[in-house]
Amino acid sequence: MSSVHLQPHGLVDDNPPPALKELSKGIYAYVQLDGSWGLNNPGFIVGSKGVFLIDTCFTERRSKALKAAIESVTDRPVRTMLNTHHHGDHTWGNYLFPETTIISHRLTREETIQTGLASKAFFPTGNFGDVEVEPAFITYEDKLTAWVDDLRVEIEFLGPAHTTNDSIAWIPDRKLLFSGDLVFNHCTPFIVQGSLVGHLRALQRLRALQPEIVVSGHGDVCGPEGIENGVAYLQFVQDSAQKAWDAGLTPFEAAQKTELGRFGEWHEKERFVANLHRAYSEIRGEPLGMPLSLVNVMEEMIIMNDGQPLRCLA
Ligand SMILES: [Zn+2]
């Protein structure tokens, strides 16, 4: 694996700067550490006639830096893009690729349009620039195969999990998986807009693929242990929620009383309270992925973050 640390204009205050990693011949991850709120990992595959891109970034300057990183390794155009889900840190740079065919699951397109730029409000420190909503305009339902020359990219719908609308891109010939936000590496998973049961099911599917390299949605590139860590965390959420439910506690009370152990060392540990809200919804028997009001949840996360706004370096 080769790795180049980039210092694009405007990102010099990052610590560390984004890194471009060639994981397999022509297949790159664009890693934005430390993977905290808004710092996602796009990826791309360079073919003989063009580039297949997976996701963009949260802010104008970050997506422009991604574009410059692609141009640093090829002069071929970005012909095709996949959005792994609707979250702004994976889609808000789409508009910078006006000549690219953008693909997503049908629900990703719907959520991208419906939620718009509303989540900016949760990140008052975010430097978004002039981002615009540009949803995917080719949608699929269950599975779709994309080709980069003769390299097969298997796109599969695995929602509801992290959100209602998660896709993965699996490259069987290289045993390489772009997991989207189904894997967070040493960052805390976030399921309040998705499903706990569905997420565990999705991770079983990722396990069955037996990837050797996983480009996680956040945090550094990892191996299959990233999937196992996610399973362990989600089972911990499930167990904690059931105990707290049985004891008559609210999710917020439960979060204040629960010792996170090794999961407390991951970024965004305040997401635990949000994840408990999703677990409670499922204990109540509500449909997987049912929308939950985020207002209280965001307030409780801020309290669990020592009263500080959510840490967004984007
Ligand atoms: Zn996400």
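Read the numbers this way: they start at 1 and go in the same order the structure lists the ligands and their atoms. None of the values given here were measured: they were computed from a predicted structure.
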Flag if over 12 foreign heavy atoms under 6.0 Å of NZ, K269: no
Heavy-atom count check: over 12 atoms from other residues, nucleotides or ligands less than 6.0 Å from Q242 CD?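 Enclosed.
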Is the cationic atom of R271 (NZ for Lys, CZ for Arg) positioned less than 6.0 Å from the six-membered ring centroid of W37 and within 45 degrees of its normal?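 R271 over W37 ring: yes.
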Could you check D89 against H218 for side chain to side chain contact (heavy atoms under 4.5 Å, CB included), going step by step and ending with a plain yes or no? CA-CA 10 Å; D89 52 340; H218 294 258; 3.0 Å; yes
Vertex the Zn ion (ligand 1), arms to H87 ND1 and D181 OD2, rounded to 10°: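 It comes to 170°.
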Hey, is there an N, O or S on H90 sitting under 2.8 Å from the Zn ion (ligand 1)?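 It does not; every qualifying atom lies at 2.8 Å or beyond.
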Looking at the Zn ion (ligand 1), is one of the N, O or S atoms of H85 less than 2.8 Å from it? yes
Which is the closest N/O/S atom of H162 when seen from the Zn ion (ligand 1)? NE2
